[in-house]
Undergrad: 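Submitted below is the structure of interest, expressed as structure tokens.
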2 protein chains.
Amino acid sequence: MKERHNRLTVVKELIRNNRIDNQDTLLELLKKEGYNVTQATLSRDLKMLKVGKISDGWSGYYYTLPESDLVSESEKSYIQDVRRGIISIEFSGNFGVIKTRPGHANSVGFALDVLALPEILGTVAGDDTIFVILREGMTKEDLLDSFNARIPEIKE
Amino acid sequence: MKERHNRLTVVKELIRNNRIDNQDTLLELLKKEGYNVTQATLSRDLKMLKVGKISDGWSGYYYTLPESDLVSESEKSYIQDVRRGIISIEFSGNFGVIKTRPGHANSVGFALDVLALPEILGTVAGDDTIFVILREGMTKEDLLDSFNARIPEIKE
DNA sequence: TGAAAAAATGCATAAGTATGCAATATCTAT
DNA sequence: ATAGATATTGCATACTTATGCATTTTTTCA
């Protein structure tokens, strides 16, 4: 059985979707989801998930997931768009050319805009080709690094 | 006397430059800096500074400043560029027009690029005017909010 | 399968942080 | 300068979170 694994997933979801500021509250929510554990276990769960506690900018604090888990579902779908469409990327000076499967250029280009990679100043998409303009001072290495960070397994 | 204010500055600096994971440790460091207070006071200081506690990605946790205090010095200088140059900003549809002091449009525009506000798709700068194109789906309210968050006291 | 090893959990309690209250210190408006 | 208002602080303690240890559950492997 993967009881704990399931619970961790639920905990993560609860933290993502609620402003929770202590473990007892989280314990309540977990109970409603059918998980009956003690505060001790929850404390260990949070440590495992690397959950942090930060200011709400007002007068309180709440739990927060590490950045890597904060990627929203919608962002994930854009990442999928990129993965599905992209074929190759090559550079010339501060311009890049992305080749995509036919008809995918727009979805990939739009996804890149949404992902707002700091290296990219703008894109123009045709049918199976995207023209990428790098921001002043950015190199193709910068962009590729950023790619690998935001879009894992780009080499699939 | 502004004892507390000074102390807060030191606390902030200590947190920025060290990996501190509890208040007693911080208390020690503060003592070395010549500030003798109790844990209770420090707890209040941290709340005031909106200090958070996040995972080091390994097995521990440490204090961290809110984003607004993490702004790098170089970023601050760009923020200054914007403050020095900007006069007004108005909108029409998904376009914005920023008026600047004569000759300042380029420094402000470049600073805006560097700051990479997610609302801005791109800018074109003349001599005392900047043309801002909002990203699809973004409103002028979004941009103004972002402005206020990243560039405090824009109304000076 | 049936041990032995590893992982997960609860209990009790230690460690860490926050806060009510009273005492001071600082600021404000005469 | 001075009384009243505000802000800061320490003390004691409540609240919150982490963890050592023993127990139970799950996994591994011969």
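Chain identifiers are assigned alphabetically (A, B, ...) following the order of the sequence lines, protein sequences preceding nucleic acid strands; residue numbering begins at 1 within each chain. Quick note: numbers below take in every heavy atom, side chains included, and nothing from hydrogens, waters or symmetry partners.
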Undergrad: Hey, does the side chain of B:Y61 reach the backbone of A:V51 with a donor-acceptor pair shorter than 3.5 angstrom?
TA: yes

Undergrad: Give the minimum heavy-atom separation between B:K50 and B:P66, together with the two atoms involved.
TA: O-CD, 3.4 Å

Undergrad: Calculate the interatomic distance between B:I20 atom CD1 and C:dT17 atom P; express it in whole Å.
TA: 11 Å

Undergrad: So which nucleotide from D:dA18, C:dT9, C:dC21 ends up closest to the side chain of A:R44?
TA: C:dT9

Undergrad: Give the minimum heavy-atom separation between B:L14 and B:I20, together with the two atoms involved.
TA: O-CD1, 3.7 Å

Undergrad: Got a salt bridge between B:K31 and B:E28, using NZ or NE/NH1/NH2 to carboxylate O under 4.0 Å?
TA: no

Undergrad: Using every non-hydrogen atom in the two residues, find where A:R135 and A:I120 come nearest and quote the distance to one decimal.
TA: NH2-O, 3.5 Å

Undergrad: Please give, in whole Å, the distance from D:dT17 C1' to A:Y61 OH?
TA: 16 Å

Undergrad: Could you state the atom-to-atom distance from CG of B:N6 to P of D:dA7 in whole Å?
TA: 18 Å

Undergrad: So A:D21 and A:Y63, do their side chains get closer than 4.5 Å, heavy atoms only?
TA: no

Undergrad: What's the CG-P distance between A:D45 and C:dA8, to the nearest Å?
TA: 10 Å

Undergrad: Would you jot down, in residue-number order, the residues of residues 28-43 of chain B having a non-hydrogen atom under 4.0 Å from DNA chain C?
TA: B:Q39, B:A40, B:S43

Undergrad: Which whole-number value in Å describes the distance from B:D21 CG to D:dT19 P?
TA: 10 Å

Undergrad: Taking atom P of D:dT17 as reference, at what distance in whole Å does atom OH of B:Y62 sit?
TA: 20 Å

Undergrad: Send over the distance from A:I54 CD1 to C:dT17 P, rounded to a whole Å.
TA: 17 Å

Undergrad: Rounded to whole Å, please give me the gap between CG in B:L49 and C1' in D:dT8.
TA: 15 Å

Undergrad: Reckon B:K53 has a side-chain N or O less than 4.0 Å from the OP1 or OP2 of C:dG16?
TA: no

Undergrad: Name the one of A:T139, A:V132, A:L143 that satisfies side chain to side chain contact (heavy atoms under 4.5 Å, CB included) with A:E119?
TA: A:L143

Undergrad: Is the shortest side-chain N/O distance from B:Y63 to OP1 or OP2 of C:dG16 below 4.0 Å?
TA: no

